[in-house]
Amino acid sequence: AETPEAKDEL
Amino acid sequence: MNIFRLAGDMTHLLSIVVLLLKIRTTKSCAGISLKTQELYVIVFITRYLDLFTRYVSFYNTAMKLVFIGTSVAIVWYMRLHKVVKQTYSRDEDTFKHYLLIPPCFILALLIPLEFTVTEILWSFSIYLEAVAILPQLLLLQRSSNIDNLTGSYVFLLGAYRALYIVNWVYRFFTETHKIRWIPWISGLVQTALYADFFYYYIKSWKNHEKLRLPA
């Protein structure tokens with residue numbers, strides 16, 4: 001699954 | 001935050017500023033697809049559901065609010081503003097954009113990031129953003145003359161996701177070393193849809209001639 005830090009993008 | 005992502009976000013912001021500038025200064029939205037703008041409202045709302053639940057940074061929250069706010073404002077201008085709404089090219093903006101929503105939603109159910117509501121909607125928003133420009137590109141093909149601000153708007157909009165792809169490559173090699181299929185493939189599709197527009201836009205810019213897309 002996607003690593004959480006990748007969700008810092010807009 | 002790397003320079004490519006910052007450049008991408010700033011290019012995205014600039015595209016919206018250019019569009020708002022066009023609408024406010026010319027009091028006209030001729031050549032702009034209301035359907036694409038409505039899809040963007042859906043894209044931003046479904047993508048930023050974690051706006052109040054997860055704080056990443058001031059920048060992140062501020063930009064999310066700006067993107068949601070401006071996209072709603074643009075739809076308001078095109079639908080409700082007494083002067084601007086008269087200039088909407090209603091009979092050329094005929095792409096059945098609502099047909100884009102079910103496939104993206106089904107794809108988000110089949111290939112979500114995680115099986116949670118917010119992640120399924122996030123994936124939906126990534127897929128929808130990839131195709132949201134289609135009504136606008138169709139409208140451009142139908143527009144006899146594309147004004148500079150509209151051309152610049154679409155160019156910046158396409159360029160922002162291309163910069164995001166560079167950002168993803170950079171982050172893969174320097175930070176995460178993880179493949180992110182959903183945004184990467186959607187981002188490539190999204191940018192590829194602009195390919196012929198980029199070609200004609202850059203050609204018209206080099207030859208100092210009016211931008212025209214072949215029908």
Side-chain angles (χ1 to χ4, degrees), chain A, chain B residues 1-2 4-6 8-13 16 43-44 47-51 53-68 71 111-116 118-119 122-123 125-126 129 160-161 163-165 167-168 170-172 175-184 187:
Chain A
E2 187 113 337
T3 40
E5 103 287 340
K7 286 313 237 0
D8 62 352
E9 293 179 353
L10 291 171
Chain B
M1 169 69 82
N2 61 67
F4 306 111
R5 182 149 71 89
L6 184 62
D9 290 340
M10 291 304 108
T11 303
H12 194 186
L13 185 62
I16 294 169
V43 164
F44 288 134
R47 179 148 340 156
Y48 301 149
L49 292 170
D50 62 352
L51 180 59
T53 55
R54 205 159 62 86
Y55 180 80
V56 175
S57 69
F58 173 74
Y59 171 83
N60 190 272
T61 303
M63 290 295 278
K64 287 176 177 176
L65 288 169
V66 166
F67 284 156
I68 292 175
S71 59
I111 315 174
L113 187 61
E114 283 157 27
F115 280 96
T116 62
T118 50
E119 293 310 328
W122 180 83
S123 307
S125 115
I126 293 285
E129 187 190 357
Y160 119 79
R161 210 61 178 170
L163 286 165
Y164 250 73
I165 291 171
N167 151 65
W168 289 326
Y170 177 84
R171 291 190 85 171
F172 177 81
E175 285 169 44
T176 59
H177 309 294
K178 284 203 173 69
I179 295 184
R180 302 174 59 206
W181 294 113
I182 293 177
W184 292 5

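Throughout, a chain's letter reflects where its sequence line sits, starting with A, and its residues are numbered from 1.
- Counting non-hydrogen atoms of other residues, nucleotides and ligands closer than 6.0 Å to OH of B:Y55 gives a total above 12.
- With sequence neighbours excluded, no residue forms a side-chain hydrogen bond (donor to acceptor under 3.5 Å, both in side chains) with B:S123.
- With a threshold of 4.5 angstrom between heavy atoms, B:N60 approaches chain A through its backbone and through its side chain.
- Between atom NZ of residue A:K7 and atom CG of residue B:D50 there is a gap of 6.5 Å, rounded to the nearest 0.5 Å.
- Between A:D8 and B:R171, the shortest heavy-atom contact is OD1-NH1, 3.0 Å.
- In this view, B:R161 satisfies the side-chain hydrogen bond (donor to acceptor under 3.5 Å, both in side chains) rule with no residue, not counting sequence neighbours.
- Scanning both residues, A:L10 and B:F67, for their nearest heavy atoms gives CD1-CE1, 3.8 Å.
- Within a 6.0 Å radius of CZ in B:F172, more than 12 heavy atoms belonging to other residues, nucleotides or ligands are found.
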